[in-house]
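The figures that follow rest on heavy atoms only: side chains count, while hydrogens, waters and symmetry mates do not.
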Amino acid sequence: MNVGQRLQERFRKALRDYRLIDDGDKILIGLSGGKDSLCLLELLARQSKIFFPRFSVEALHVRMENIQYETDTTYLQHFCDELDVPLHIITTRFEAEKEGVKSKPACFLCSWQRRKQLFNLAQELGCNKIALGHHQDDMIHTALMNLTFQGHFSSMPPSLKMEKMPLTIIRPLCLCEEADIMEYAAQQGYQKQLKQCPYEHDTNRTSVQGLLEQMQQLNPEARHSIWNALESVFKTSALILLLLALAIPVSAQRRKKTQKKVEPPTEQTERMKQMTMATQRIMFIDSVVVEKKDFLKAYHLSAETGRIATYSTFFPKQDSQTFTFMNALGNRCFYTDNDSTVYTQERLQHQWTNADSLPGINSDRLLQQVNYPFMMPDGMTLYLAAKGTESIGGYDIFMTTYDAAEGRFLKPENIGMPFNSTANDYLFAIDEYNQLGFFASDRNQPDSLVCVYTFIPAKKYLTYDESQYTPEQIASYARIDSISMTWDDKLALQKAVKRLKQAKKHSASAMAAFDFVINDRLTYHHLKNFKAAGNQGRYQELVKMRQRYDTVIMALEKARRYYSKTKGEERKALAQEIRGHEQSQHQLYLAIRQQEKMIRKAENEYLTKNK
């Protein structure tokens, strides 16, 4: 595991273990311009692109007029633009006499003023959380400083809810080591500050750094021992707050001679409650109950999306019934062996490569019986179904995206409700061409049947406003008690139903009527018009080639638009992808022209021979 992967894993572990982010959060990042805050910004910006939980991030850089250090704000603006994160820049200063804290050191005054600006802007923007770039070393140093100078053992917690304002401070890098961040910053080419703070090395914190290094020489595991002790402090503090919040007056206790025993909420029930309240607003336009063995017949995908079938359908010589997704070009497939990963094969120079597992899929082995893969046309967004600790029951649907910079897929994330339930939910597919989505579920169905839902893919992740819907109503949407209750936009519903009808008959209509010129005097309009042996099959193949050509053009245009936003390794990878698309476009163009000539030649020869 390289340093980028290690940081990503520890960052996500912190999000999970300390529940730092909830669906719908709006987070303001304190961006000083140093390596820690740049790393935090990059990790949070990437995570915000994940399907669940959905949250947004903005950044604030505070320039202090009376501290002689300098940061290149042009670089910070470019850095944020590349990650699609809005950047706010505020210039301020501190006046010790005005603040009434003349005896305090400059570091305290500077930090206090920055926090003040962060709190003010966060509330102006409607943010509910502030993310700071403190890593594990910072938190251990703080604990040692408190122990040495204050006489108590405590530190900055991973999450701290403010008492006097509706804000929570989070520290997502709390499990990341400074050495890893330094290595990653060098690897990514983070620009250093133009001029360092003059007080940076003249603090007790600098002295404590040396103390930690001495402790690690004495015991290489000292860091982990201190952190384990700190975690006990964090948990104890959280328990005390919980007990205070649940405290019952003595008089009330005396009145109640007997109390009904209340079972404490488990982690699973708490997770279910959170996911239910974060149910995505989705409009379902159709649901059909079919035999499990025939459920693929209810997926009406366009040729531009690709095909789903058994492996033996695509490779007749192989006797395998595993569900396989073939892309629209017919040159790459994805499947599983009902184990812990997803495999892929590519067709290169008319030959298929050997199976290769996708890097990064289920690297922590939390998912089991991975199945039903579906790759979006961008070639980077993969949906799959799996069981395991990350599932809320049976098969759940997960999504992952390819990280070009790391050369691997990110950890699959549960896409939440209403798509997932305590039953089996699987084979999530989105047809971008027809703007329709499909997934299967056996919720409320007997063993032999499954329900296939058709929905309108949402452009934004919207949830149900708790001020307008009761928890019971939201739970009903999560269960999909009735698809009609989701019909809040009649016009959108009508258009989607029309698209679904067209999708159902697309295969037949695609071959029903067309214009194909045979010669100057003759044009065919129906498949049955072809008389020459093999020409009907050749024309069907021609239609598929044209569809593949259109798909390549769409992918090429999308890649070119995105290219300007990339940098480094991601740009190199995308450039290679663009060249591949251009080569495929040229080859398909020549193949289409050749196929048309072959059809005309055979048909004209037949007509001449049978005059």
Between Thr341 and Leu358, the two heavy atoms sitting closest are OG1-O, 4.1 Å

Would you say Thr324's side chain and Thr322's backbone share a donor-acceptor pair under 3.5 angstrom? yes

Glu582 vs Arg560, test: salt bridge (Lys or Arg N to Asp or Glu O under 4.0 Å). Steps then yes/no. CA-CA 11 Å; Glu582 290 173 340; Arg560 284 170 174 165; 2.9 Å; yes

So, do Ile29 and Leu40 sit near enough that their side-chain heavy atoms are less than 4.5 Å apart? yes

Evaluate the side-chain proximity of Lys572 to Thr566: yes if any heavy-atom separation is below 4.5 Å, no if none is. no

Kindly compute the distance separating CD (Gln216) from CD (Glu221), expressed to the nearest 0.5 Å. 9.5 Å

At what distance, to the nearest 0.5 angstrom, does CG of Asn362 lie from CG of Leu367? 4.0 Å

Correct closest heavy-atom pair for Leu87 and Cys80 would be CB-SG, 3.9 Å

Passing candidate, side chain to side chain contact (heavy atoms under 4.5 Å, CB included) with Thr401, options Asp378, Thr381, Leu382: Thr381

Start with the C-alpha distance between Arg6 and Asn2, add both sets of side-chain angles, then the distance that settles side-chain contact (heavy atoms from CB on, under 4.5 Å), and finish with yes or no. CA-CA 6 Å; Arg6 190 160 57 248; Asn2 62 36; over 6 Å; no

For the backbone of His135 and the side chain of Asp138, can you confirm whether one donor and one acceptor N or O come within less than 3.5 Å of each other? yes

So, is the end of the Arg408 side chain (NZ or CZ) under 6.0 Å from the ring centre of Tyr402 and within 45° of the ring's axis? no

Note, Met275 side chain near Asp23 side chain (heavy atom, < 4.5 Å): no

Can you tell me if Glu124 and Asn120 form a side-chain donor-acceptor pair at under 3.5 Å? no

d(Leu384 CG, Asn371 CG) to nearest 0.5 Å is 9.5 Å

For a 4.5 angstrom cut-off between non-hydrogen side-chain atoms, does Arg10 reach Gln5? no

Check for a donor-acceptor pair, side chain of Asn420 on one end and backbone N or O of Ile397 on the other, with a separation under 3.5 Å. yes

Any side-chain heavy atom of Glu432 sitting closer than 4.5 Å to one from Thr305? no

Do the side chain of Asn128 and the main chain of Lys26 share a donor and acceptor less than 3.5 angstrom apart? yes

I'd like to know whether Gln280 forms a side-chain contact (heavy atoms from CB on, under 4.5 Å) with Thr463, so could you lay out the CA-CA distance, the side-chain angles of the two residues, the decisive distance to 0.1 Å, and finally the verdict. CA-CA 5 Å; Gln280 187 180 7; Thr463 58; 5.5 Å; no

Sequence neighbours excluded, the answer for side chain to side chain contact (heavy atoms under 4.5 Å, CB included) partners of Ala573 is Ala404

Hey, does the side chain of Asp25 reach the backbone of Ile21 with a donor-acceptor pair shorter than 3.5 angstrom? no

Would a 4.5 Å heavy-atom cut-off, applied to side chains only, mark His88 and Glu58 as touching? yes

Taking side chain to side chain contact (heavy atoms under 4.5 Å, CB included) as the definition, give me every residue that meets it alongside Lys387, ordered by chain and number, with sequence neighbours left out. Gln369, Tyr395, Asn424

Between Phe323 and Tyr335, is the ring centroid distance below 6.0 Å? no

Once you round to the nearest 0.5 Å, how far does CD1 of Ile181 lie from CG of Asp36? 5.0 Å

Least distance between heavy atoms, Pro373 atom then Thr336 atom: CD-CG2, 4.1 Å

Got a salt bridge between Glu390 and Arg16, using NZ or NE/NH1/NH2 to carboxylate O under 4.0 Å? no

Would you check if Leu43 and Pro172 make a side-chain contact, meaning some heavy-atom pair closer than 4.5 Å? no

Answer yes or no: is there a donor N or O on one side and an acceptor on the other, between the side chain of Arg332 and the main chain of Arg347, under 3.5 Å? no

Backbone N or O of Gly416 within a donor-acceptor pair of the Asn414 side chain at under 3.5 Å? yes

So does Gly394 get a backbone contact from the side chain of Ser391, meaning a donor-acceptor N/O pair under 3.5 Å? yes

Geometric class of the Tyr383/Phe374 ring pair [parallel <30°, tilted 30-60°, perpendicular >60°]: tilted

So, does Arg171 use its side chain to make a donor-acceptor pair with the main chain of Gly133 at under 3.5 Å? no

Heavy-atom count check: over 12 atoms from other residues, nucleotides or ligands less than 6.0 Å from Met376 CE? yes

Give me the atom names and distance for the closest heavy-atom approach of Leu20 to Ile170. O-CG2, 3.7 Å

Using ring pair (Phe, Tyr, Trp, His ring centres under 6.0 Å) as the criterion, point out the one residue from Phe439, Tyr426, Phe398 that pairs with Phe419. Phe439

Would you confirm whether Gln345, through its side chain, and Cys333, through its main-chain N or O, come within 3.5 Å as a donor-acceptor pair? no

Nearest-0.5 Å distance, CG of residue Leu556 to OG1 of residue Thr551: 12.5 Å

Neighbour count above 12 (heavy atom, 6.0 Å) for Gln576 CD: no

Are Leu167 and Lys129 close enough, and set up right, to give a side-chain contact (heavy atoms from CB on, under 4.5 Å), and what steps lead you there? CA-CA 5 Å; Leu167 291 171; Lys129 288 181 180 175; over 6 Å; no

Pairing of Glu42 and Arg46 as salt bridge, 4.0 angstrom limit: yes

Would you sort out whether Leu173 and His134 count as a side-chain contact (heavy atoms from CB on, under 4.5 Å), showing the intermediate values? CA-CA 6 Å; Leu173 299 183; His134 297 119; over 6 Å; no

Can you name the nearest heavy-atom pair linking Cys174 to Met139, along with the distance? CB-SD, 3.4 Å

Which pair of non-hydrogen atoms, one from Ile90 and one from Gln117, has the smallest distance, and what is that distance? CG2-OE1, 3.7 Å

Could you give the distance from CG (Leu132) to CG (Leu31), rounded to the nearest 0.5 Å? 11.5 Å

Could you tell me whether the side chain of Asn219 reaches within less than 4.5 Å of the side chain of Ser225, counting heavy atoms only? yes

